[in-house]
Structure formats: C-alpha cells, structure tokens
Engineer: 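There's a structure below that I have some questions on.
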Amino acid sequence: MNSSSYFVLLTVLLAMASSQVTAKVITVTNGGTEGQWGPLERCPPGAKAIGFQTRNELATPIFDDTALNTIVIICNGTDIANITSTEGFSGDYQRVQVCATAFATSYMTSFSLRVQLPFNETEQGDKTAANDIRFMCHNNREIDGRGNNDGVWGDYSETCETGICGMETRVQPYDGGIGHYDNTALNDVRFTCCPDEPPMSTLSPN
C-alpha cells in the first residue's frame, strides 16, 4: 500500500470511528416540564460557545409574565456566529455576557438555571418557570444573565471539558386569547459538548 492510499484509509477509519461517538449532553435537574423540546442547534465546526444573551419579559404587575423566553449562544471562530433553539415570544434582549477577560479568551463549560419553585397558585399567582441562566467558563469565571429574579438557582450541570457546542431549549408555545392559559415560555435547556479533538497519529506509512 502506498503512502497516499494509507492516509486515505486512515482518514476514512477515523471519520467512521468519530461518527460512532455519542456527544455528551449536560442537563440540570430543576428545569420546568411544560412545552416541547426544540431542535439541536450547533456552533459551526471547530467553534465553541464563548458567551450568551437572553430575552426576558421583565416583571409586569398586571399582565401574564413569562420571564426567560430565549437563549442566544455566541460561538467563536473566524466568523462569530449566534445560535438558538426554539425561541419564546415576548420580552427584551438583555446585555451580552462573555467568558473573555482583558487578559485571556475562554469558553463556556457548564450552566445553572434559576427556576420558579413548585408553583402555588394561591401564593404566587403567575407561573414563569425558568427565570435566568448562568455559565461557568473554562477560566473559572462565572457569567450571570441579566434576567428575572423569581425562583432559586439550581445546582450546576456536569462539565463539558471540551466546551459547549450545541443547545436545545424546551419552550411552551404561546397560548393567547381571551382567558388564555398562564404562559411560561422557556422551561428548560440542555447543551451538547464539543467533540474531543482526535489524537495525533503516531503511525508512519510504509
């Protein structure tokens, strides 16, 4: 086998092996349960999540509140890209939060959700489900959202040592109209870790 054929075969075998690997998904235990899971959206190949932005409906004393509606993930790379899964339907976009500091770049590795406690209609009056999100970065910097403050922060997810590359959100669709249901918008989110970088081959062609 000549050297060019050897490297073609090696490339095919590595591609087949990598396709068999299921990407790690990180979740939290306190997410809401209403709505449906949206599509998995990924950063461009080779890119990682380095920051985020949320869309929140901030508290309105008269109308139905939905709190956290949408999460936008900012991916690095030559052309910075934004990804989002299913989006909510209300609110304003808050300030962008990024892992980078003045001294170093970094990427996001785990997350925590702030979620309304088990709903008590008599005491709370309005369901909001997820209120805010925060991330831990590879440089040990924590970046917090600028969302709503109802509920409590849950435990952090497991860690994506290789970084976060994909996202799926669970969102309750809008159910408007007279006598409309108590909307909650975004209830939960899960993230897919970036693939491991393949090890360098130590084999030499004949």
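Since the model is a prediction, treat every value here as computed from it, not as a measurement.
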Engineer: Mind checking the CD-CZ spacing from E142 to F111? Nearest 0.5 Å is all I need.
Structural biologist: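 Spacing of CD (E142) from CZ (F111) equals 13.5 Å.
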
Engineer: Taking it one step at a time, do M108 and M136 satisfy side chain to side chain contact (heavy atoms under 4.5 Å, CB included)?
Structural biologist: CA-CA 6 Å; M108 305 189 306; M136 187 63 70; over 6 Å; no

Engineer: Is it the case that the side chain of S112 and the backbone of W153 share a donor-acceptor pair, with hydrogens and angles ignored and the cut-off at 3.5 Å?
Structural biologist: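 Between the backbone of W153 and the side chain of S112 there is no qualifying donor-acceptor contact (under 3.5 Å).
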
Engineer: How long is the gap from CD on Q97 to CD1 on I74, to the nearest 0.5 Å?
Structural biologist: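 Between atom CD of Q97 and atom CD1 of I74 there are 9.0 Å.
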
Engineer: Any chain of hydrophobic side-chain contacts (each under 4.5 Å) joining I143 to I164?
Structural biologist: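 Result: yes, single cluster for both.
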
Engineer: Give a yes or no answer on whether the side chain of N76 reaches the backbone of K48 with a donor-acceptor pair at less than 3.5 Å.
Structural biologist: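 Checked: pair present.
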
Engineer: Hey, is the main chain of D144 close enough, under 3.5 Å, to the side chain of R146 for a donor-acceptor pair?
Structural biologist: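 Yes, R146 side chain to D144 backbone: donor-acceptor pair under 3.5 Å.
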
Engineer: Show, in sequence, the C-alpha distance, side-chain angles and deciding distance for T101 and R141, and conclude whether the side chain to side chain contact (heavy atoms under 4.5 Å, CB included) test is met.
Structural biologist: CA-CA 9 Å; T101 67; R141 182 183 183 195; 3.9 Å; yes

Engineer: Flag yes if Y107 and V96 sit in one hydrophobic cluster, no otherwise; membership is Ile, Leu, Val, Met, Phe, Trp, Tyr, and two members link when side-chain heavy atoms are under 4.5 Å apart.
Structural biologist: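 As far as the 4.5 Å side-chain criterion goes, V96 and Y107 are connected within one cluster.
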
Engineer: To the nearest 0.5 Å, what is the distance between CG (L68) and CG (N131)?
Structural biologist: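 Interatomic distance, L68 CG to N131 CG, rounded to 0.5 Å: 7.5 Å.
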
Engineer: Say you draw a straight line from CD1 of I50 to NE2 of H138; how long is it, rounded to the nearest 0.5 Å?
Structural biologist: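 Rounded to the nearest 0.5 Å, the CD1-NE2 separation comes to 15.0 Å.
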
Engineer: Between atom CG of N30 and atom CG of D155, what is the distance when rounded to the nearest 0.5 Å?
Structural biologist: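 It comes to 7.5 Å.
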
Engineer: Do L186 and I26 share a hydrophobic cluster, counting only Ile, Leu, Val, Met, Phe, Trp and Tyr and linking them when any side-chain heavy atoms are less than 4.5 Å apart?
Structural biologist: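 As far as the 4.5 Å side-chain criterion goes, I26 and L186 are connected within one cluster.
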
Engineer: Which of these passes side chain to side chain donor-acceptor pair (under 3.5 Å) with N56: T128, D65, N148?
Structural biologist: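 When T128, D65, N148 are each tested with N56, the side chain to side chain donor-acceptor pair (under 3.5 Å) holds only for N148.
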
Engineer: Hey, are the side chains of V171 and W37 touching, using non-hydrogen atoms and a 4.5 Å cut-off?
Structural biologist: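 Counting from C-beta outward, V171 and W37 never come under 4.5 Å.
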
Engineer: Given side chains that start at C-beta, do those of T27 and S157 come closer than 4.5 Å, heavy atoms only?
Structural biologist: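 No, too far: nothing below the 4.5 Å cut-off.
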
Engineer: Report yes or no: does D132 contribute a side-chain atom to a donor-acceptor pair with the main-chain N or O of A130 at less than 3.5 Å?
Structural biologist: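 Flag not set: sc D132 to bb A130 has no pair under 3.5 Å.
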
Engineer: Where do T184 and Q172 land on the side chain to side chain donor-acceptor pair (under 3.5 Å) test, with the steps shown first?
Structural biologist: CA-CA 6 Å; T184 56; Q172 181 199 42; 3.2 Å; yes

Engineer: Given R114 and I133, is the side chain to side chain contact (heavy atoms under 4.5 Å, CB included) satisfied, shown in steps?
Structural biologist: CA-CA 6 Å; R114 183 171 192 156; I133 189 169; over 6 Å; no

Engineer: Between I80 and V98, is there a shared hydrophobic cluster once you connect ILVMFWY residues whose side-chain heavy atoms come closer than 4.5 Å?
Structural biologist: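 In one cluster: yes.
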
Engineer: List the atom of P173, the atom of F89, and the distance in Å for their closest heavy-atom pair.
Structural biologist: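 That closest heavy-atom pairing would be C-CE2, 4.1 Å.
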
Engineer: Between G31 and L113, which heavy-atom pair has the shortest distance, and what is it?
Structural biologist: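 The answer is CA-CD1, 4.4 Å.
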
Engineer: Taking the side chain as everything from C-beta on, heavy atoms only, tell me whether F191 gets closer than 4.5 Å to E168.
Structural biologist: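 Answer no - side chains too far apart.
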
Engineer: Checking side chain to side chain contact (heavy atoms under 4.5 Å, CB included) for the pair D182/D126: CA distance, chi angles, key distance, verdict?
Structural biologist: CA-CA 7 Å; D182 188 358; D126 188 14; 2.7 Å; yes

Engineer: Indicate yes or no: at least one non-hydrogen side-chain atom of T192 is less than 4.5 angstrom from one of C165.
Structural biologist: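 No, every pair of side-chain atoms sits at 4.5 Å or beyond.
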
Engineer: Flag the pair E87 and R55 as a salt bridge only when some basic side-chain nitrogen lies within less than 4.0 angstrom of an acidic carboxylate oxygen.
Structural biologist: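 Salt bridge absent between E87 and R55.
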
Engineer: Under 3.5 Å, is there a donor-acceptor pair between the side chain of E41 and the main chain of P39?
Structural biologist: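 Not at all, since once roles are kept as given, no pair shorter than 3.5 Å links the two residues.
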
Engineer: Hey, are the side chains of T84 and I73 touching, using non-hydrogen atoms and a 4.5 Å cut-off?
Structural biologist: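 T84 vs I73: side chains apart.
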
Engineer: What's the shortest heavy-atom distance between T169 and T86, and which atoms?
Structural biologist: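 Smallest interatomic distance, heavy atoms only, reads OG1-O, 2.8 Å.
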
Engineer: Rounded to the nearest 0.5 Å, what's the gap from OG1 on T54 to OH on Y93? Could you check?
Structural biologist: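 The distance works out to 9.5 Å.
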
Engineer: So does R170 pair up with E34, basic N to acidic O under 4.0 Å?
Structural biologist: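 No, R170 and E34 are not salt-bridged.
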
Engineer: How about V189 and V28: do any of their side-chain heavy atoms sit closer than 4.5 Å?
Structural biologist: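 Not in contact.
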
Engineer: Taking C75 and C43, which are both Cys, do their SG atoms fall under 2.5 Å of each other?
Structural biologist: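 Taking the criterion (SG atoms under 2.5 Å apart), C43 and C75 satisfy it, so yes.
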
Engineer: Do M167 and I71 touch side chain to side chain, with heavy atoms closer than 4.5 Å?
Structural biologist: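 Result yes, sub-4.5 Å side-chain heavy-atom pair found.
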
Engineer: Hey, are the side chains of Y174 and T66 touching, using non-hydrogen atoms and a 4.5 Å cut-off?
Structural biologist: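 Result no, sub-4.5 Å side-chain heavy-atom pair not found.
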
Engineer: Step through it carefully: locate the ring centre of F135, locate the ring centre of F52, and say whether they are under 6.0 Å apart.
Structural biologist: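 Ring centres of F52 and F135 closer than 6.0 Å.
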
